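In what follows, a single structure is set out as structure tokens and then discussed.
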4 protein chains.
Amino acid sequence: MEFNNSQPIYLQIADLFCENILQKKWIEEGKIPSIRDIAVQLEVNPNTVLRTYNFLQDNDIIYNKRGIGYFVTTDGYLKTQTLKKDQFFNQNLPEFFKTIDMLEISIDDIMNFYTKFKQK
Amino acid sequence: MEFNNSQPIYLQIADLFCENILQKKWIEEGKIPSIRDIAVQLEVNPNTVLRTYNFLQDNDIIYNKRGIGYFVTTDGYLKTQTLKKDQFFNQNLPEFFKTIDMLEISIDDIMNFYTKFKQK
Amino acid sequence: MEFNNSQPIYLQIADLFCENILQKKWIEEGKIPSIRDIAVQLEVNPNTVLRTYNFLQDNDIIYNKRGIGYFVTTDGYLKTQTLKKDQFFNQNLPEFFKTIDMLEISIDDIMNFYTKFKQK
Amino acid sequence: MEFNNSQPIYLQIADLFCENILQKKWIEEGKIPSIRDIAVQLEVNPNTVLRTYNFLQDNDIIYNKRGIGYFVTTDGYLKTQTLKKDQFFNQNLPEFFKTIDMLEISIDDIMNFYTKFKQK
DNA sequence: GTGGTCTAGACCACC
DNA sequence: GTGGTCTAGACCACA
């Protein structure tokens with residue numbers, strides 16, 4: 001898998017995982033793949049995957065059963081949504097509005113762009 | 001001045017400068033403050049400011065007269081706008097749409113938030 | 001059964017067993033439950049229980065009659081006490097004193113806490 | 001420096017740092033040594049020290065100024081005390097009491113031991 | 001100079 | 001089999 005350069009790989013992997021949870025590909029209390037499996041699959045170092053797992057564990061999205069593996073927490077879906085929404089409303093959105101103001105872009109422009117985006 | 005942690009300081013300063021230009025506080029062919037003044041004012045290492053100036057110079061938004069100082073280029077306003085719009089439409093906006101899809105946020109929610117944002 | 005995360009599960013089980021012996025629930029030369037029974041009851045992998053049994057066997061607290069099961073040794077009570085006291089006076093207590101010194105906790109605080117603890 | 005084997009090295013280093021703060025060797029808002037310096041001094045890998053710093057940063061005991069170094073937070077002393085006290089009262093102390101009950105050790109025994117301990 | 005990320009690989013404890 | 005810790009060393013971005 002290819003990663004872009006603007007964000008650490010381990011966070012890009014975290015984003016992948018969040019998508020999996022939000023799309024219900026990974027269900028709550030379900031086991032997720034082992035660190036090694038993910039490392040092989042994404043062609044990264046196991047340590048990098050471990051960092052992703054630690055990050056998500058710190059956010060109560062996954063947890064560890066010793067010697068067995070990692071599992072999505074009972075309210076993993078909600079926690080994921082909260083994490084992402086927080087990021088979105090507190091960081092992305094304010095920057096977003098500031099930018100469109102500064103550039104004098106109208107909401108209509110955005111809408112048109114969105115329509116095109118959805119068609120793809 | 002306080003900076004956030006999600007972006008390099010020198011780019012946050014660049015954003016400040018872009019705003020000044022877009023809001024016509026800094027006019028084309030006008031002299032802008034010296035590196036040292038900015039460094040003192042923003043409580044930042046002069047090296048960091050230098051980086052900002054180099055970055056903007058690379059984008060033809062400012063230029064240097066040796067021994068005299070830095071100036072906004074003749075088409076600085078346009079260049080700034082182009083730079084920002086490029087960033088916005090090619091990076092921010094696609095990510096933005098992807099996120100609202102993933103989080104199932106409706107355009108209406110965004111609109112409400114925008115109204116609130118404008119009132120502040 | 002729930003286990004905490006600061007100690008291996010097999011040692012936490014060993015602690016349980018020690019309590020049983022010290023409280024005379026398990027008497028010397030008496031048979032103790034099979035690995036399988038314990039594993040089912042505590043919802044733990046049988047290998048983990050085996051480790052507990054091996055650990056206690058190494059400390060001469062229990063022994064095995066092949067094909068029959070595990071038994072508390074003749075001086076199991078004493079051995080258990082010795083094991084625990086060693087741990088306590090050589091490891092726990094010194095750390096304990098160091099910590100209360102560092103945190104400037106008085107012996108009185110401890111005493112109060114102990115009184116509360118006993119009431120529960 | 002020598003480390004024992006019962007706890008990860010990076011946590012043992014964290015304990016060292018906590019002591020420094022509690023003993024006011026490191027004062028609030030003061031700069032602490034760089035990762036590399038500590039690594040050389042303690043003869044461990046810089047990555048290990050980084051882990052310690054991350055751990056303490058997560059606990060709001062230290063913070064990072066980019067490109068400059070790590071500093072004790074404004075309320076670093078209090079945060080450290082809280083962290084340690086939490087550990088002590090919620091983990092160590094209950095185990096402690098449980099053990100002395102199980103072993104039928106009297107408070108007087110503890111006291112005698114403590115007197116000896118202080119004389120050293 | 002500072003810290004942050006990543007790789008490669010070893011070793012260990014635990015289940 | 002699982003994850004956790006640690007080392008060694010490279011490379012990069014930032015101040």
Side-chain angles (χ1 to χ4, degrees), chain A residues 3 5-13 31-39 42-55 57 62-71, chain B residues 3 5-14 35 39 42-52 54-55, chain C residues 3 5-14 35 39 42-52 54-55, chain D residues 3 5-13 31-39 42-55 57 62-71:
Chain A
F3 297 97
N5 218 351
S6 62
Q7 220 192 352
I9 292 179
Y10 81 94
L11 288 180
Q12 295 182 48
I13 298 177
K31 187 176 181 305
I32 67 178
S34 77
I35 290 185
R36 283 174 179 110
D37 285 352
I38 295 287
L42 300 184
E43 297 172 350
V44 294
N45 188 290
N47 278 325
T48 305
V49 182
L50 175 59
R51 275 184 94 153
T52 302
Y53 280 47
N54 280 336
F55 172 75
Q57 189 166 237
I62 63 177
Y63 68 97
N64 175 260
K65 284 187 196 169
R66 286 185 289 179
I68 301 178
Y70 279 92
F71 297 76
Chain B
F3 297 96
N5 236 341
S6 62
Q7 219 191 352
I9 292 177
Y10 83 94
L11 287 180
Q12 295 182 50
I13 298 176
I35 290 186
L42 300 184
E43 295 170 359
V44 155
N45 189 302
N47 280 324
T48 306
V49 183
L50 175 59
R51 245 181 130 136
T52 303
N54 283 336
F55 173 75
Chain C
F3 298 96
N5 234 340
S6 61
Q7 221 191 351
I9 292 176
Y10 82 96
L11 287 180
Q12 294 183 50
I13 298 176
I35 291 186
L42 300 184
E43 296 171 359
V44 155
N45 190 302
N47 280 323
T48 305
V49 183
L50 175 59
R51 245 180 131 137
T52 302
N54 283 334
F55 173 76
Chain D
F3 297 97
N5 219 350
S6 62
Q7 219 190 354
I9 292 178
Y10 81 95
L11 288 180
Q12 295 182 51
I13 298 176
K31 188 176 180 305
I32 67 178
S34 78
I35 290 184
R36 282 173 180 111
D37 285 353
I38 295 287
L42 300 183
E43 297 172 350
V44 294
N45 188 289
N47 280 323
T48 304
V49 182
L50 175 59
R51 273 184 96 154
T52 303
Y53 279 48
N54 281 334
F55 172 75
Q57 189 166 238
I62 62 177
Y63 68 96
N64 175 260
K65 284 187 196 167
R66 288 184 287 180
I68 300 178
Y70 279 91
F71 298 76

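Order of the sequence lines fixes the chain letters, A, B, ..., with proteins taken first and strands second; residue numbering starts at 1 for each chain. None of these values were measured; they are calculated from a predicted model.
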| field | Spacing of A:K31 atom NZ relative to E:dC15 atom P, expressed in whole Å | value | 15 Å
| remark: side chain to side chain contact (heavy atoms under 4.5 Å, CB included) filter on C:Q12, not counting sequence neighbours, yields A:R66, C:F3, C:N4, C:Q7
| request: Check if the side chain of D:R36 and the base of E:dG1 share a donor-acceptor pair of N or O atoms closer than 3.5 Å. | output: no
| Which whole-number value in Å describes the distance from A:R66 CZ to F:dG4 P? | 11 Å
| query | Within this structure, what is the CD1-to-P distance between D:I62 and E:dT2, rounded to whole angstrom? | reply | 15 Å
| field | Distance, rounded to the nearest Å, where B:L11 contributes CG and F:dA15 contributes C1' | value | 13 Å
| If you round to the nearest 0.5 Å, how far is CG of A:N54 from CD1 of A:I35? | 7.5 Å
| remark: Out of F:dA15, E:dG4, E:dC15, minimum distance to the side chain of B:R51 belongs to F:dA15
| Nearest 0.5 Å, what's the OG1-CD1 distance between A:T52 and A:I62? | 8.5 Å
| note | Hits for ring-ring contact (aromatic ring centres under 6.0 Å, His included) against D:Y70, two or more places apart or cross-chain, chain-then-number order -> D:Y53
Contacts under 3.5 Å, N or O only, protein and nucleotides 7-10 of chain E:
{"residue": "E:dT7", "atom": "OP2", "partner": "A:N45", "partner atom": "N", "Å": "3.1"}
{"residue": "E:dT7", "atom": "OP2", "partner": "A:T48", "partner atom": "OG1", "Å": "2.5"}
{"residue": "E:dA8", "atom": "N7", "partner": "A:N45", "partner atom": "ND2", "Å": "2.9"}
{"residue": "E:dA8", "atom": "N6", "partner": "A:N47", "partner atom": "ND2", "Å": "2.8"}
{"residue": "E:dG9", "atom": "O6", "partner": "A:N47", "partner atom": "ND2", "Å": "2.9"}

| What integer distance in Å separates A:I32:CD1 from F:dG3:P? | 9 Å
| request: Would you kindly give the CG-to-P distance between A:N5 and E:dC6, to the nearest whole Å? | output: 10 Å
| task | Starting from the 5' end of DNA chain F, give me the residue, B:Q7 or A:I68, whose nearest nucleotide shows up first. | result | A:I68
| field | Under the 3.5 Å Watson-Crick or G-U criterion, the dot-bracket string of DNA chain E, with | for inter-strand pairs | value | ||||||||||||||.
| request: Could you pick out which residue, A:K65 or B:P8, lies toward the 5' side of DNA chain F when each is mapped onto its nearest nucleotide? | output: A:K65
| Residues in side chain to side chain contact (heavy atoms under 4.5 Å, CB included) contact with D:K65, at least two apart in sequence or another chain | D:Y63, D:I68, D:F71
| query | Between D:Y53 (OH) and E:dT5 (C1'), how many Å, whole number? | reply | 18 Å
| request: Only counting residues at least two apart or in another chain, list the ones meeting side chain to side chain contact (heavy atoms under 4.5 Å, CB included) with C:T48. | output: C:I9, C:Y10, C:I13, C:V44, C:N45
| query | Within the structure shown, what part of the strands sits under 4.0 Å from B:Y10 by heavy-atom distance: base, sugar-phosphate, or nothing? | reply | sugar-phosphate
| request: Provide, to the nearest angstrom, the distance between the CG atom belonging to C:N54 and the P atom belonging to E:dA13. | output: 15 Å
| Phosphate oxygens OP1/OP2 of E:dG3: is one of them under 4.0 Å from a side-chain N or O of D:Y70? | no
